[in-house]
Amino acid sequence: MKKAQSSKLKAQNYNGVIDRYKKYLPVTDRTPVITLKEGNTPLIYSKFLSKIIGANFEVYLKYEGLNPTGSFKDRGMTVAISKVCEEGPGAVICASTGNTSASAAAYAAAAGIKCIVLIPSGAIALGKLSQALIHGAVVIAINGNFDDALNLVKEITAKYPITLVNSINPYRIEGQKTASFEICDYLEDSPEFQVMPVGNAGNITAYWKGYKEYKGIGLIKKLPKMLGFQAAGAAPIVKGHPIKYPKTIATAIRIGNPASWKQAEEARDESEGLIDMVSDKQILEAYKLLATKDGVFVEPASATSVAGLLKLAHKGYFKLQAPSSKLQTKIVCILTGHGLKDPDRAIETVKKPKVVKANLKAVLREIGY
Ligand code: F0G
C-alpha cells in the first residue's frame with residue numbers, strides 16, 4: 001500500500017517540459033504554464049538495430065510519438081502557447097502537414113484560445129486531421145501544398161493580431177530543444193550520432209541548440225554529429241534548391257522550401273554531420289522493421305531516421321566515423337510521431353486480415369493447428 005502511494009506521488013511530480021527545464025527556457029514566474037505534461041519520453045534501446053550496426057554500437061530510439069498529441073510538436077507548443085497567454089488574450093495560427101495543427105489545436109483548447117490551421121487539402125494523415133477537428137480548431141484546407149500554406153499564414157500574421165505557432169516562432173524551438181536535454185540527462189553525455197527526419201527543419205535546429213547549450217554550461221563533454229534525412233521526393237536541402245512539387249508518402253515531411261533551411265545547414269556543418277535523403281521504399285522498409293522487430297509503431301516520416309541509419313550503416317559510415325577511443329558508440333534515432341497518426345498507411349503496407357467462417361475448424365486451419 002505504502003509502495004503504491006509513493007509511486008503515484010512520483011508520477012504526479014512530472015509536470016511537463018516547462019516545469020522540468022524552466023531555467024533554460026524563456027519563461028518567468030508570471031508565465032501561465034499551459035501543459036499537457038509533454039516530454040519525458042522514453043529512450044528505448046534497440047537490440048535489433050544495435051546488432052545490425054555492429055559490436056561496440058548502441059542504438060537508441062527516442063520515442064516522441066508518446067507525447068500527449070502523439071508527436072514532438074508538443075514540446076514547442078507548450079512554450080509557444082504559454083507565451084501567447086502571458087502576452088494577453090490572443091488567437092494562434094499555423095500551416096501544417098498535420099502534427100503541428102494537432103498540437104496547436106490541443107494546447108489552444110487547453111488555454112481557451114482560438115486556433116486556426118491551414119493544411120494542404122487531401123495531403124495530411126487521417127489521425128492528425130481528426131485531432132485538429134476534435135480540439136475545435138478552425139481548419140482550412142487549401143488547394144496547395146505546405147509551402148503555400150506557410151506563405152499564407154506568414155502574410156496573415158504580418159497584418160492581423162494572430163500569433164504564428166509554426167517553428168519559425170522562436171518559442172517553439174526553445175521548447176523542442178528539451179528533447180536533447182532529456183537524451184543527455186539519460187545517457188549522461190551526448191550520443192556520438194543523432195539521426196532524424198528533416199522537413200521544415202525546425203526540429204534539427206532545436207536539437208542542435210539544446211546540445212550546444214548543455215555543452216556551454218558543462219553538462220555534457222561533447223556534441224553529437226547531426227545526421228538529417230529528407231525524403232527523396234522532398235529533399236530541397238540535399239539538392240540545394242527548393243522543390244516546387246514535393247512528393248513522398250511521408251506526408252509530415254512533404255516540404256519543398258524549409259523555413260529553417262539555413263539553421264539546418266549550420267547544424268550539419270558545425271557538427272560535422274550530414275543531410276542526406278532516403279527513398280519512399282527505404283522509408284517503408286524501416287517503418288515495417290521498427291514495428292515488427294522493435295515493437296515500435298511510428299508514422300512514415302519518423303521511420304526516415306531509421307531508413308537513414310540503415311543507409312549509412314550499409315556504406316560503413318559509422319565504423320569509419322566512430323571515435324576510435326570509444327568502447328561503446330551511441331547513436332540516437334529520433335522517432336518524431338506515433339504510428340496511429342496514419343492508420344491508412346499501416347493497413348496499406350501489410351496484408352489485410354483474412355475473413356473466415358466463425359467456427360473453430362476454420363480458425364484452426366488458418367493458424368496451422
Ligand atoms: N516528423 C514528423 C512526424 C513531423 O510531423 C515533422 C514536421 C517532422 C518530422 C519534421 O520536423 O519540420 O521540424 O523538420 N511536421 C510539421 C507539421 C511540418 O506541420 O506538422 P521539422
Side-chain angles (χ1 to χ4, degrees), residues 41 62-67 69-77 80 93-106 117-120 123-125 127-129 131-132 137 139 142 145-150 153 164-169 172-173 175-177 179 194-210 226 228-231 234-237 246 248-265 267-268 275 278 283 286-287 297-308 333-342 345:
T41 57
K62 180 70 171 159
Y63 195 14
E64 288 288 276
L66 294 188
N67 274 294
T69 77
S71 86
F72 69 95
K73 307 285 180 178
D74 296 344
R75 295 179 182 275
M77 212 51 81
I93 191 168
C94 66
S96 184
T97 55
N99 282 323
T100 300
S101 64
S103 185
V117 309
L118 260 66
I119 52 167
I124 82 166
K128 305 174 188 181
L129 180 61
Q131 287 177 290
V139 179
I142 60 155
N145 60 28
F146 170 84
D147 305 290
D148 301 321
L150 187 60
V153 296
L164 185 67
V165 290
N166 278 101
S167 57
I168 39 182
N169 178 328
R172 281 276 314 278
I173 302 295
Q176 283 174 212
K177 76 184 179 192
Q194 181 182 296
V195 200
M196 66 193 303
V198 175
N200 210 25
N203 212 25
I204 190 169
T205 305
Y207 271 94
W208 185 234
K209 186 169 197 288
M226 301 293 283
F229 281 87
Q230 303 197 291
I237 301 177
T248 166
I249 51 100
T251 52
I253 52 169
R254 190 187 283 166
I255 294 174
N257 193 11
S260 301
W261 187 322
K262 197 178 102 266
Q263 293 89 325
E265 289 184 335
R268 175 195 67 194
I275 296 180
V278 281
I283 293 173
Y287 174 66
F297 187 24
V298 299
E299 64 169 286
S302 309
T304 302
S305 340
V306 172
C333 293
I334 312 299
L335 303 181
T336 46
H338 202 286
L340 289 172
K341 293 273 188 177
D342 195 353
R345 178 57 60 191

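Values reported hereafter were calculated over all heavy atoms of this structure, with side chains retained and with hydrogens, waters and symmetry mates removed. All figures in this text were calculated on a predicted structure; none of them were measured in a lab. Read the numbers this way: they start at 1 and go in the same order the structure lists the ligands and their atoms.
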| task | Mark yes or no for whether Lys73, through its side chain, and Gly98, through its backbone, hold a donor-acceptor pair below 3.5 Å. | result | no
| At a non-hydrogen distance cut-off of under 4.0 Å, which region of Ile204 contacts ligand 1 (side chain, backbone, both, or neither)? | neither
| message | Tell me whether Ser302 has any N or O atom under 3.5 angstrom from an N or O of ligand 1. | response | no
| field | Check: Ala201 N/O within less than 3.5 Å of ligand 1 N/O | value | yes
| query | Would you say ligand 1 has an N or O under 3.5 Å from any N or O of Gly202? | reply | yes
| field | Residue and atom name of the nearest protein heavy atom (relative to atom 11 (O) of ligand 1), distance in Å to one decimal | value | Phe72 CZ, 3.5 Å
| Can you list the ligand 1 atoms lying under 4.0 Å from a non-hydrogen atom of Ser96? | 17 (C), 19 (O), 20 (O)
| task | Determine whether the side chain, the backbone, both or neither of Asn166 has a heavy atom under 4.0 Å from any heavy atom of ligand 1. | result | neither
| message | Below 3.5 Å, N or O to N or O, backbone or side chain included: is there any such pair between Lys128 and ligand 1? | response | no
| task | State whether the shortest distance between N or O atoms of Gln176 and N or O atoms of ligand 1 falls below 3.5 angstrom. | result | no
| message | So Lys62 and Tyr207, do their side chains get closer than 4.5 Å, heavy atoms only? | response | yes
| query | Nearest protein heavy atom to atom 4 (C) of ligand 1, by residue and atom, and its distance? | reply | Ala252 CB, 3.5 Å
| query | Under 4.0 angstrom from ligand 1, any heavy atom of Lys73? | reply | yes
| query | When you measure from the side chain of Asp147 to the backbone N and O of Asn257, does any donor-acceptor pair fall under 3.5 Å? | reply | yes
| For atom 13 (O) of ligand 1, what is the nearest protein heavy atom, given as residue, atom name and distance? | Asn203 N, 2.8 Å
| Do Glu299 and ligand 1 have an N or O pair less than 3.5 Å apart? | no
| message | Using modelled atom types and a 3.5 Å cut-off, is there a donor and acceptor pairing between side-chain atoms of Arg172 and backbone atoms of Gly76? | response | no
| task | Please confirm whether Thr205 comes under 4.0 Å of ligand 1, counting heavy atoms of the residue only. | result | no
| said: As an exercise, identify every atom of ligand 1 less than 4.0 angstrom from a heavy atom of Thr336. | reply: 1 (N), 2 (C), 3 (C), 9 (C)
| task | Could you tell me whether the side chain of Tyr63 reaches within less than 4.5 Å of the side chain of Val298, counting heavy atoms only? | result | yes
| note | Under 4.0 Å from one or more heavy atoms of Ile255, ligand 1 contributes atoms 18 (C)
| ligand 1 to Asn99 polar contact by distance, N or O atoms, under 3.5 Å | yes
| query | At what distance is the nearest protein heavy atom to atom 8 (C) of ligand 1, and which residue and atom is it? | reply | Ile253 CG2, 3.6 Å
| request: Using a strict cut-off of 4.0 Å, indicate which atoms of ligand 1 neighbour a heavy atom of Val198. | output: 14 (O)
| Test log, rule side-chain hydrogen bond (donor to acceptor under 3.5 Å, both in side chains), inputs Gln131 and Lys341 | CA-CA 9 Å; Gln131 287 177 290; Lys341 293 273 188 177; 2.7 Å; yes
| said: So does Glu299 get a backbone contact from the side chain of Asp342, meaning a donor-acceptor N/O pair under 3.5 Å? | reply: no
| Does any N/O atom on Gly337 come nearer than 3.5 Å to any N/O atom on ligand 1? | no
| field | Donor-acceptor under 3.5 Å (Ser103 side chain, Thr100 main chain) | value | no
| field | Ser305 side-chain N/O to Ile334 backbone N/O, donor-acceptor pair under 3.5 Å | value | yes
| query | Taking atom OG of Ser167 and atom CD1 of Ile204, what is their separation to the nearest 0.5 Å? | reply | 12.5 Å
| Polar atom proximity, Thr100 to ligand 1 (N or O, under 3.5 Å) | yes
| task | Return yes if some donor-acceptor pair links the side-chain N/O of Ser302 with the main-chain N/O of Gly337 below 3.5 Å, else return no. | result | yes
| Hey, what do you get for CG (Leu335) to CE (Met196), rounding to the nearest 0.5 Å? | 11.0 Å
| note | Distance col, row Ile168:CD1 vs Gln263:CD, nearest 0.5 angstrom, shows 10.5 Å
| field | Element-labelled atoms of ligand 1 that are located less than 4.0 Å from some non-hydrogen atom of Asn200 | value | 12 (O), 14 (O), 21 (P)
